[in-house]
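I have placed the structure first, in the form of structure tokens, so that the comments after it can refer back to it.
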Amino acid sequence: MNIFSISYKDLKANPLNALLNLLLISFGITILTVLLLASTQIGDKLDQNSKDIDLVVGAKGSPLQLILSSIFYIDFPTGNIPLKDAQKLARNPLVKRAVPLALGDNYNGYRIAGTDTSFISLYQLSLEKGKFWQQDFEVTVGQNVATAAHLKVGSRFFGAHGLTGSSDIHKSHAYIVTGILKPQHNVTDNIVLTNVASVWKMHEQPEEHKEKAAGNGKPEPFENGEKEITSLLIQYRSPMSIILFPRMVNQSTNMQAASPAMESTRLFSLIGVGIDTLQWFAYFIMGVSAVSVFISLYNSLKERRYDLAVMRTMGASPAALFTLIILKAVILTLVGSIIGLFFGHLIMQIIGLYQESSQAKLTGMVFMKDEFYLIFTGICIGIIAAIIPAIEAYRTDISKTLSRSS
Amino acid sequence: MLQVQSVLHQYKGQVKLQFNNWQVNQGEQWLLLGNSGSGKTTLMHIISGLLKPAEGEVMINNQSIYQLKTAKLDQFRGQHIGIVFQQPHLISSLTVTENLLIAQRFAGLPQDKTRVKEVLSSLNMYDKRSSKPQQLSQGQMQRIAIARAVINKPALLVADEPTSSLDDENTKAVLDLLIQQSELNNATLIVATHDNRVKEKFTHQYVLQG
């Protein structure tokens, strides 16, 4: 039997009061946990996936859409660009590396990206099984694709037209899996890689298919008899290129240059408005929970002032009474924070399960150091809420209190 | 054992209690009588180390208690003085056993379940050891309050109006228990009351004039 036991049993003796406080604290911490996990994961994914890519060149349109489609494989591409123009840019002395991308098909929602071996070195890909694609219609699949679609080396499958859905299947050519990538913890875990020629050939075949595709407005990598690609991922040779190259592309070609860093920042600032609003809401809830803890402790202090005085007569020091009140608040806020963290992770996991896009999958199974700050914040709120009642308990005038009651 | 020397208590500049010398020996049982407002409770608080007088000295076992610092005085009170109030005021969230164990803890003594069993058995309350206070009758709660006061084998057992809210039967029972426990623990007993029903139980009496 000690001070902690009394605090804990006191809380247990008033379950409804304790429950209300726990609900408020855990609600605030849940929102903060979800925001922390989501913003960190989105930020990390933005950084991981655009790492080493200085610029994306594609068809004119929304630069954010170009970045989302060519780096994060989320949105539809802005269109296609002529291969010869792309090759001309790739040979520019300001460019260190240019990686072509030809998009247009998917397999079970995973995008099929036509590219060349420079993509391997750009993302520093390594194989878990098999080998990288070499011939037409050979594919190397990301770890998540292999797991979700039960693909092995030697498996065959048909791609479907478009970036999502499987209604329009290209039955003319089957892809064959030649390799499976090791987990890369970036977007390449969720894509199917092949050469650009495979994407072109897949779309060369039936005339009616071409008409259908043109009719739905989706970009085709091969149009008007001229070879086209979707975009070009560019690495600069020197920092000087940052100023010169995008301006040159935007002003002297029919293509647009979009900087992943700038667009990611823009995207994050757009999301940031919502995050900030929710964050303030969570702070408000935490403030309300602090007031609630304060009121319940203060009321219990008023009701139990005599009990506290009796404890003093038994030998309890003023510091012991102070600790008793503080501990009650700390137990409440600590348990509330842990419950909040648990639900925060659970909600993130559920969001991840129901997310349509496989490219930006969020998870609740990630634990971060910053979560300790959330617990610490929760405890601090408890201590702040308890400080006045605790000081009152510390100052209990035993004789006066006992005289009043007797 | 207990010496009260020239105690003066003031409240808001006015003298509320003036008490000359009083000496009580170990094991004696005293009744402190007086009408309401005569200063019985004030004197009991001063004797128990709960209220520092403006002047004078209180010695328990040759220790001038108000010369002790707050923390030491708290510990001294827990170890050497057992106090019984008019209302039992047990900690409602704790069981009977826990209410006694916490008294040992607050006094800075080791928690001794054998002692708890011994005291509860002597008060015929051992079978209620796991009950919460709200499951007990008023009389049973008062017994536990007595058990709590004697758990640390105090040298001085003080009871402030322990019978004022009790009927004749319970008054007698509570006084018998206080006397029995003080004898059992060789403690000096001082009972403050305005209740004339209890006079015949005590050989030593002190009447406070209000």
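Sequence lines set the chain letters: A, B, ... in the order given, protein chains first and strands last, and positions in each chain run from 1.
Summarising the local packing, CG of B/Asp127 is surrounded by more than 12 heavy atoms from other residues, nucleotides or ligands at distances under 6.0 Å. Other residues, nucleotides and ligands place more than 12 heavy atoms under 6.0 Å from the CZ atom of A/Phe367. More than 12 heavy atoms of other shown residues, nucleotides or ligands fall within 6.0 angstrom of atom OH in B/Tyr206. In the displayed structure, A/Phe343 atom CZ is contacted under 6.0 Å by at most 12 heavy atoms of other residues, nucleotides or ligands. Counting heavy-atom neighbours within 6.0 Å of B/Lys172 NZ, excluding the residue itself, gives a total of 12 or less. Dense packing is recorded around CD of B/Gln134, with more than 12 heavy atoms of other residues, nucleotides or ligands lying under 6.0 Å away.
Ranked by heavy-atom pairs under 4.5 Å with chain A, the list B/Gln75, B/Arg148, B/Met44, B/Gln104 is led by B/Arg148. Interface check for chain B: of the options A/Ala13, A/Pro318, A/Ser5, the most heavy-atom pairs under 4.5 Å are formed by A/Pro318. Note: B/Leu94 leads B/Leu94, B/Leu101, B/Thr97 in heavy-atom pairs under 4.5 Å with chain A. Ranked by heavy-atom pairs under 4.5 Å with chain A, the list B/Gln79, B/Gln111, B/Lys132 is led by B/Gln111. For the set A/Val310, A/Thr313, A/Ile398, the entry with the most heavy-atom pairs within less than 4.5 Å of chain B is A/Thr313.
The parts of B/Ile102 that come within reach of chain A are both its backbone and its side chain, each placing non-hydrogen atoms under 4.5 angstrom from that chain. Both the backbone and the side chain of B/Glu98 come within contact range of chain A, each with at least one heavy atom under 4.5 Å from a heavy atom of that chain. There is no contact between B/Ala71 and chain A, counting heavy-atom distances below 4.5 Å. There is no contact between B/Ile151 and chain A, counting heavy-atom distances below 4.5 Å. Proximity to chain A (any heavy atom under 4.5 Å) is restricted, for B/Thr70, to the side chain, taken from C-beta onward.
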- Task: Using the side-chain hydrogen bond (donor to acceptor under 3.5 Å, both in side chains) rule, take A/Ser317 and B/Asp74 through it: C-alpha gap first, then chi angles, then the decisive distance, then the call.
- Result: CA-CA 6 Å; A/Ser317 63; B/Asp74 289 332; 5.2 Å; no
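The shortest distance between side-chain heavy atoms of B/Ile91 and A/Lys9 does not fall below 4.5 Å. Residues A/Arg312 and B/Leu50 form no side-chain contact, since every pair of their non-hydrogen atoms from C-beta on lies 4.5 Å or further apart. Side-chain contact between A/Leu402 and B/Gln86 is absent, with no heavy atoms from C-beta onward closer than 4.5 Å.
Going from atom CG of A/Asp307 over to atom OG of B/Ser92 covers 6.5 Å, rounded to the nearest 0.5 Å. Interatomic distance, B/Phe106 CZ to A/Ile6 CD1, rounded to the nearest 0.5 Å: 4.0 Å.
Taking the six-membered ring for Trp and thresholds of 30 and 60 degrees, A/Tyr306 and B/His89 have ring planes inclined between 30 and 60 degrees apart.
Shown here for A/Met314 and B/Ala103, the closest heavy-atom pair between the two residues is SD-CB, 3.5 Å. The shortest heavy-atom contact between A/Ser399 and B/His45 is OG-ND1, 2.8 Å.
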